[in-house]
Amino acid sequence: MKKLFVLIALIAACLSLNAQAFNKQKLDSLFNSIKKFDKTMGSFSLTKEGKIVYQRTIGYVDINNQIKANNESKYRIGSISKTFTSTIIMQLIEENKLALSSRLDILFPAIPNAKLITIEQMLRHRSGLFNFTNAKDYPSFMEQPKSQKEMLEIIIKNGTVFEPDEKAEYSNTNYLLLTYIIEKVEKKSFSKVLEERITKPCNLKNTYFGGKINTKNNEALSYKKMAGWELDTETDMSIPAGAGGIVSTATDLNRFFTCLFSNQLVSEESLNQMKTMVDNYGLGLFQYPFFEKKAFGHTGGIDGFRSLATYFPEDKVSVAFIRNGENMVANDILIGALSIYFNRDYQLPAFSPAISLTSEELDQYMGVYSTPTFPLKLAITKNKNVLIAQGTGQPSFALEAFGTHKFKFDQANLKIEFKPLENKLILQQGGGTFELTRE
């Protein structure tokens with residue numbers, strides 16, 4: 001019997017080692033470099049079979065008051081909220097309170113095409129309803145509270161962009177309406193339903209429907225990188241509701257996905273329906289490849305927050321990365337972290353400090369650039385000694401100098417080379433090259 005206990009202990013120890021048999025020092029080096037060169041603020045967590053294998057948090061909850069973030073800091077997760085909302089809908093379907101074929105007109109007959117739009121079409125972004133966050137007036141009301149009645153009026157006013165089930169096109173309107181459907185069916189607030197159906201059963205202690213950001217409650221503000229980290233907007237959570245209104249931690253997100261994929265929230269049949277892709281859309285899930293591996297999850301973005309949570313079913317590994325400020329392509333960080341964890345060849349990035357230019361040196365680049373072959377005009381201004389670019393109707397962003405007359409914006413894989421004597425610039429992005437002339 002004693003020998004048996006020793007053998008069991010050895011097997012358990014080996015399993016524990018195998019679960020974490022990766023180069024932790026190399027992963028530390030990756031995040032140390034990201035921190036040193038101020039590339040990202042946020043929290044990263046990786047779990048296997050629900051147990052934390054690695055976690056790391058960088059940056060601040062509140063820069064102005066110098067409140068540093070920690071592993072329990074809470075971030076707005078944006079559209080990852082849709083996976084929570086989809087899960088609740090599938091629970092209601094299992095309880096015969098709804099069906100995937102249920103029509104929208106039963107509860108909201110005034111919505112355009114309500115008689116034709118089904119629950120499944122909304123879950124898969126196939127309803128054809130206009131995405132209200134794309135409305136021209138959205139920036140003017142996004143930070144103010146809106147009632148359900150007001151949001152329904154906005155949805156009705158914006159109408160449709162294609163016929164139901166004609167194709168798939170991402171629209172936050174779908175999941176806003178699914179939130180309202182949940183509240184009508186359950187006769188409770190979405191916040192309460194979320195608590196009862198997901199956060200309590202999965203023991204998510206730091207996950208809830210958000211409100212006004214409270215840094216004293218370890219809730220992070222969000223930032224954008226300009227001359228330095230500048231405070232970003234703060235959307236009122238009555239606007240996105242279950243389409244983007246949930247607050248969580250990286251560790252809690254991993255716990256949620258582990259809970260979901262171990263059938264603690266929905267049946268195997270329901271989970272398989274959620275995982276089934278139609279035109280690359282599941283039911284509140286997307287599929288992400290990582291070499292030969294396959295993961296399911298969702299990304300999110302709201303104000304300056306960016307997030308991703310994904311689960312590898314075969315490995316029982318969950319990864320979450322939520323940021324409240326970024327200055328590089330987050331996908332590059334994730335590829336690096338996953339490559340290190342799964343023991344793939346990976347060379348650590350060699351970051352270098354941005355080239356510093358004086359405010360006077362930036363004057364030669366300023367102006368508005370355009371060309372008939374590029375859809376936007378590009379305005380180039382400056383903020384002290386930082387060059388700022390802004391496309392027509394788009395948010396502004398800071399450019400980082402990396403060579404003579406050369407600048408980049410890593411988050412969008414965008415590079416610009418100015419030709420000041422010719423009053424031109426060459427813009428490269430997504431494999432395309434455009435020559436714009438200063439007006």
Side-chain angles (χ1 to χ4, degrees), residues 34-35 38-45 55-64 67-85 131 133 138-139 142-143 170 172 175-176 194 204 206-215 217-226 228-254 256-257 286 297-310 319-334 394-398 409-412:
I34 289 165
K35 178 181 179 181
D38 209 16
K39 293 295 183 181
T40 287
M41 294 196 300
S43 187
F44 175 89
S45 178
Q55 59 183 346
R56 181 70 183 271
T57 299
I58 295 171
Y60 293 83
V61 161
D62 182 345
I63 291 177
N64 186 50
I67 304 174
K68 289 187 177 182
N70 54 51
N71 292 332
E72 298 300 312
S73 295
K74 296 174 278 286
Y75 303 76
R76 292 184 170 190
I77 63 172
S79 287
I80 298 178
S81 304
K82 292 180 173 68
T83 308
F84 288 78
T85 301
N131 184 2
T133 58
Y138 178 69
M142 58 182 276
E143 296 188 69
Y170 196 89
N172 287 294
Y175 278 78
L176 180 62
L194 175 69
L204 309 182
N206 293 307
T207 302
Y208 46 87
F209 186 75
K212 181 73 176 174
I213 294 173
N214 180 8
T215 57
N217 189 35
N218 205 7
E219 295 176 359
L221 296 166
S222 75
Y223 298 86
K224 55 186 175 182
K225 195 66 180 287
M226 303 299 281
W229 290 113
E230 294 186 5
L231 198 61
D232 212 322
T233 54
E234 185 179 330
T235 299
D236 189 272
M237 294 305 223
S238 63
I239 306 292
I246 294 175
V247 171
S248 189
T249 65
T251 301
D252 260 13
L253 286 180
N254 285 336
F256 163 66
F257 274 89
F286 291 97
H298 213 292
T299 59
I302 184 168
D303 305 312
F305 296 97
R306 297 292 181 270
S307 54
L308 181 142
T310 188
V319 180
F321 189 27
I322 42 183
R323 292 90 65 201
N324 63 326
E326 62 182 13
N327 191 30
M328 70 174 290
V329 180
N331 193 53
D332 292 345
I333 300 173
L334 282 163
Q394 303 294 313
S396 59
F397 53 92
F409 179 56
D410 281 338
Q411 294 100 303

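This one's a predicted model, so the numbers in the text were calculated from it and none came from an experiment.
Taking all atoms of both residues into account, the shortest heavy-atom contact from Asn327 to Asp410 is O-CB, 3.9 Å. Counting all heavy atoms, side chain and backbone alike, Glu219 lies closest to Asn214 at OE1-N, 2.8 Å. Pairing each heavy atom of Phe209 with each of Met237, the nearest pair is CZ-O, 3.3 Å. The heavy-atom pair separating Met41 from Ile63 by the smallest distance is CE-CD1, 3.7 Å.
Atom-to-atom distance recorded for Ser396:OG and Lys224:NZ is 5.0 Å, nearest 0.5 angstrom. One distance of note links CG of Leu253 with CG of Leu308; it measures 9.5 Å at 0.5 Å rounding. Interatomic distance, Thr249 OG1 to Gln55 CD, rounded to the nearest 0.5 Å: 8.5 Å. The NZ atom of Lys74 sits 4.5 Å away from the CG atom of Asn217 when rounded to the nearest 0.5 Å.
Proximity of Lys35 to Arg56: side-chain heavy atoms (C-beta onward) are separated by under 4.5 Å at one or more points. Contact annotation: the side chain of Ile58 never approaches that of Lys39 to less than 4.5 Å [non-hydrogen atoms, C-beta and beyond]. You'll find the side chain of Ile239 reaches within 4.5 Å of the side chain of Tyr138, heavy atoms only. Tyr170 has its side chain within reach of Ser79: a pair of non-hydrogen atoms, C-beta onward, lies under 4.5 Å apart. Looking at Ile246 and Thr207, their side chains come closer than 4.5 Å, going by heavy atoms from C-beta outward. Taking 4.5 Å as the limit, every side-chain heavy atom of Phe44 sits out of range of all side-chain heavy atoms of Ile34. No side-chain heavy atom of Tyr60 sits less than 4.5 Å from a side-chain heavy atom of Leu221.
Proximity of a side-chain donor or acceptor of Ser307 to a complementary backbone N or O of Ile322 within less than 3.5 Å is not detected. Ser81 places no side-chain N or O within donor-acceptor distance of the main-chain N or O of Ile77, the cut-off being under 3.5 Å. Between the side chain of Arg76 and the backbone N or O of Asp303, no donor-acceptor pair lies under 3.5 Å. Asn172 contributes no side-chain N or O that, together with a main-chain N or O of Asn131, makes up a donor-acceptor pair within less than 3.5 Å. At least one donor-acceptor pair closer than 3.5 Å links the side chain of Gln411 to the backbone N or O of Glu326.
Of the N and O atoms on the side chains of Asn254 and Ser45, at least one donor lies less than 3.5 Å from an acceptor on the other residue. Counted by atom type alone, Thr57 and Asn70 present zero donor-acceptor pairs between their side chains at under 3.5 Å.
Glu234 and Lys212 are joined by a salt bridge, as a carboxylate oxygen and a charged side-chain nitrogen come within less than 4.0 angstrom of each other. By the 4.0 Å N-to-carboxylate-O rule, Lys225 lies close enough to Asp38 to be salt-bridged with it.
Ring-plane geometry between Phe305 and Tyr75 is classed as perpendicular, the angle between the planes exceeding 60 degrees on a 0 to 90 degree scale with a lower cut at 30.
Screening Ile80, Val319, Thr310, Asp252 against Phe257 for a side-chain contact (heavy atoms from CB on, under 4.5 Å) leaves a single residue, Ile80.
For Glu230, the side-chain hydrogen bond (donor to acceptor under 3.5 Å, both in side chains) partners at least two apart in sequence or on another chain are Asn383.
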